[in-house]
Amino acid sequence: MGKILVLDAQIANQIAAGEVVERPASIVKELIENSIDAGSNRIEIIIQEGGFSSIQVKDNGEGMDEEDVDKAFLRHATSKLKSDKDLFRIKTLGFRGEALPSIAAVSRLTLRTSNNKSGKGIEVKLEGGALVDKKETAYHQGTEILVENLFFNTPARLKYLKSLQTELGHIIDYVNRLSLAHPFVSFTLIHNEHMILRTNGDGKLLHVIAAIYGSEMAKSMIEIADENLDFQLTGYTSKPEITRANKSHISLFINGRYIRNYLLSQAVIRGYKTLLMVNRFPVSILQIQMDPSLVDVNVHPAKLEVRFSKEQELMKFIEETFANSLSEQTFIRQPVKADHPQINYQKPNYQKPVQNQFDFNLSPSSRTEELKEILETHEPYPKETPISKNSINIEEDSYLEDVTERNEETRQIRTIESKEDKLPLLDPIAQYRGTYIIAQSEEGLYLIDQHAAHERIYFEKNLKRMNEETQTSQELLVPITMDFPRSEAEQIINQLHQIKEAGIDIEAFGMQTFIVRAIPQWIPQGNETEILDKMVHMILTRNEIDIEELRKDMIAGMSCKAAIKANHYLTKREMEVLIEQLRETKNPFSCPHGRPIIIHFSNYEIEKMFKRVI
Ligand code: ADP
Ligand code: MG
């Protein structure tokens, strides 16, 4: 007798459950997706104890009749694929017919449903996948599914689950993403009688963002909207000053399906160019519409990963669209407002400054005298302060070179302020702690980080210079050898022509070693391996080399080293020159690493702080 047996349905379903429903959150996801596929516009999710004791999902969708209910818990039973061709044009979220049998196999499940307005429906109960009860019941149109005692018959899986808080976190995460994907559906999520999320289903994505992230966030979002022949992009993305510590707030949807995709998230981040701080990531909600026949959603049991054609084109399009939308904005920072001032408010901690400009040992009366004298003799806008070239210590490139000649010219520029100016005319008033320039304009008060500002000026200057430089290669005195793991080496060999096109004389040497004999002139001595490493990394992650980005990275590093540091005292004239040059940069708002350069306090805000206005 042969040894091979065909598993019975119950065991088969339990095995499938391991893939489809690994934790409470995946059950929530599958049930909500069914509700959405059923055309619901109101979905209520009621959870007890992180989903461990119960999960209930109620909808007002099309419901099921008795025949459907009988089939719904059979494996591979679905109403969503009518023919084999449909598999290649999936428009629904579900299609594998696996969720209900899988969930039922590992829980005690109650389903109530009706597909008409008669007020009558059907109720069934299943335990570990076996039907234990079926009866007619009073029910309005729609479906509700209650899942209790999850994993009661698969204790190993139960053990594997994390804490209640962790599981609840995953549930909230899914519900958030699904509600972002479906603004026309009103979602309510309740955990242990507490309401966690409610969206109103009015179709406005911004309202969903407000419900999840708060209205401050929603107000400061930048709209994304663009399309080409293949793709349509819509959504919102945060201003560069509003960032998170990880990429998980970049939510991507393809045809209404939440997906995870490393390359597309990277494209979003690259769209920010140098506006983001290192290791900070935006909050972005991006809906991508494309022909469903170009997307293969059948590669992952929970359908979180998809494959699609024209991935490279989509990446480029996303990056460009984000870059364009962001460049249309100006990004002078506002002072950071706490989301909940009443909670986050901290008493200002007044510390005596370490180095004091005034002598506080004077008696009160003589101090007043002295202050009076200072105020009387001090002109608010001194005409000209002599410039000491040495007071700013810059090795190769003095940005103060032609200050005197430029003075007249500058003043003229000041009077014909053009509309295209990104920064208003700013007058430096003072320097704070040798680090920040305090300046004013008609519109209020500004704090400028002198190091960041100088870095930006250097960066743009050098970038221009470098782009003019020739691409010619220069031979290395000592060739560089580089080793890579086999899997990577193979990919590198396939793309070797790209590396060569970048001006690098590279040759494979054995299975995983490469020899570099010449590099382009723009790579400075001592930086060769670092830049080669980065190139290879680009090949491995994106299949192409972005020379522009490499150069930018490098120049950003150089500019940082060359720029004036904090704790460096500047004369008023030096501050003026710095501001003037900053105004001429393309992006005076953030340094090449994405840190802010300038912060603005509007007149109104200041007056408000002093309660002069309400
Ligand atoms: P799939 O979603 O892949 O089709 P499921 O196991 O999730 O498979 O569901 C099986 C079938 O049960 C669905 O195709 C659908 O016809 C029906 N169904 C499930 N949930 C609902 C619901 N909330 N409202 C109406 N029909 C539902
Ligand atoms: Mg389903």
Side-chain angles (χ1 to χ4, degrees), residues 9-10 12-22 25-46 55-84 86-107 109-117 120-126 129 131 134 137 139-147 174-175 178 181-182 185-188 255-258 292 296-304 306:
Q10 218 154 320
N13 285 334
Q14 278 194 16
I15 293 171
E19 292 190 320
V20 186
V21 291
E22 50 170 357
S26 21
I27 294 181
V28 173
K29 170 181 178 282
E30 293 294 338
L31 295 179
I32 296 176
E33 290 190 345
N34 280 344
S35 297
I36 292 170
D37 283 344
S40 319
N41 61 17
R42 217 177 53 239
I43 302 174
E44 224 177 286
I45 306 116
I46 302 158
I55 296 169
Q56 187 176 26
V57 174
K58 298 187 201 175
D59 68 49
N60 64 348
E62 63 185 6
M64 287 179 261
D65 63 14
E66 191 179 344
E67 201 190 324
D68 288 337
V69 173
D70 289 342
K71 288 187 190 152
F73 294 94
L74 299 176
R75 216 151 118 73
H76 306 308
T78 177
S79 57
K80 298 166 195 177
L81 290 185
K82 304 275 188 256
S83 78
D84 54 356
D86 286 351
L87 185 56
F88 306 104
R89 299 191 59 82
I90 303 275
K91 289 181 184 149
T92 48
L93 295 169
F95 59 88
R96 294 164 62 113
E98 283 183 317
L100 288 188
S102 303
I103 298 168
V106 292
S107 69
L109 184 148
T110 310
L111 171 134
R112 288 201 276 162
T113 185
S114 166
N115 72 340
N116 57 66
K117 298 208 159 54
K120 281 190 214 141
I122 304 153
E123 179 181 303
V124 291
K125 279 184 191 289
L126 293 94
L131 187 71
K134 176 174 163 183
T137 185
Y139 203 71
H140 46 83
Q141 178 157 8
T143 303
E144 73 175 61
I145 292 180
L146 173 66
V147 177
Y174 271 130
V175 176
L178 285 161
H182 301 278
V185 179
S186 158
F187 286 86
T188 306
N255 298 342
R257 182 189 306 279
Y258 166 58
D296 183 2
V297 290
N298 196 19
V299 293
H300 185 257
K303 301 171 227 109
L304 281 169
V306 300

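Counting convention: from 1, in listed order, for ligands and their atoms alike.
- Using a 4.5 Å heavy-atom cutoff, the side chains of Tyr258 and Leu178 are not in contact.
- His182 is not listed as a side-chain neighbour of Ile32, based on a closest heavy-atom distance of 4.5 Å or more.
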Should Glu123 and Tyr139 be marked as a side chain to side chain donor-acceptor pair (under 3.5 Å) after you check the CA-CA gap, both sets of side-chain angles, and the distance that decides it? CA-CA 9 Å; Glu123 179 181 303; Tyr139 203 71; over 6 Å; no
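- Of the listed residues (Met64, Glu62, Lys71), the one carrying the non-hydrogen atom nearest atom 27 (C) of ligand 1 is Met64.
- Those atoms of ligand 1 that come under 4.0 Å of a heavy atom in Ala99, given as number and element, are 6 (O), 7 (O).
- In this structure, Glu30 has no heavy atom closer than 4.0 Å to ligand 1.
- Close contacts between ligand 1 and Pro101 involve ligand atoms 6 (O) [criterion: under 4.0 Å to a heavy atom].
- Here Glu33 has no heavy atoms under 4.0 Å from ligand 1, in either its backbone or its side chain.
- When Gly63, Ser35, Ala72 are ranked by how near their heavy atoms come to atom 12 (O) of ligand 1, first place goes to Ala72.
- Heavy atoms of Thr143 found under 4.0 angstrom from ligand 1 belong exclusively to the side chain.
- Exactly one of Val57, Ile45, Asn41 qualifies for a side-chain contact (heavy atoms from CB on, under 4.5 Å) with Ser35. That residue is Val57.
- Among the backbone and side-chain atoms of Asn34, an N, O or S atom lies under 2.8 Å from the Mg ion (ligand 2).
- Only the side chain of Ala38 comes within contact range of ligand 1, with a heavy atom under 4.0 Å; no backbone atom does.
- When Val57, Leu111, Ile103, Asn34 are ranked by how near their heavy atoms come to atom 7 (O) of ligand 1, first place goes to Asn34.
- At least one heavy atom of Asp59 sits closer than 4.0 Å to an atom of ligand 1.
- At least one donor-acceptor pair under 3.5 Å links the side chain of Thr113 to the backbone N or O of Met64.
- Side chain of Ser186 to main chain of Arg42: no donor-acceptor pair is present (N/O by atom type, distance under 3.5 Å, no hydrogens or angles).
- Phe73 has its side chain within reach of Val124: a pair of non-hydrogen atoms, C-beta onward, lies under 4.5 Å apart.
- Note: no N/O pair closer than 3.5 Å links Asp37 and ligand 1 by distance alone.
- Ligand 1 is never approached by Ser102 to a heavy-atom distance shorter than 4.0 Å.
- Counting heavy atoms from C-beta on, the side chains of Asn115 and Asp68 never come closer than 4.5 Å.
- The distance from the CD atom of Glu144 to the CZ atom of Arg112 is 4.5 Å, given to the nearest 0.5 Å.
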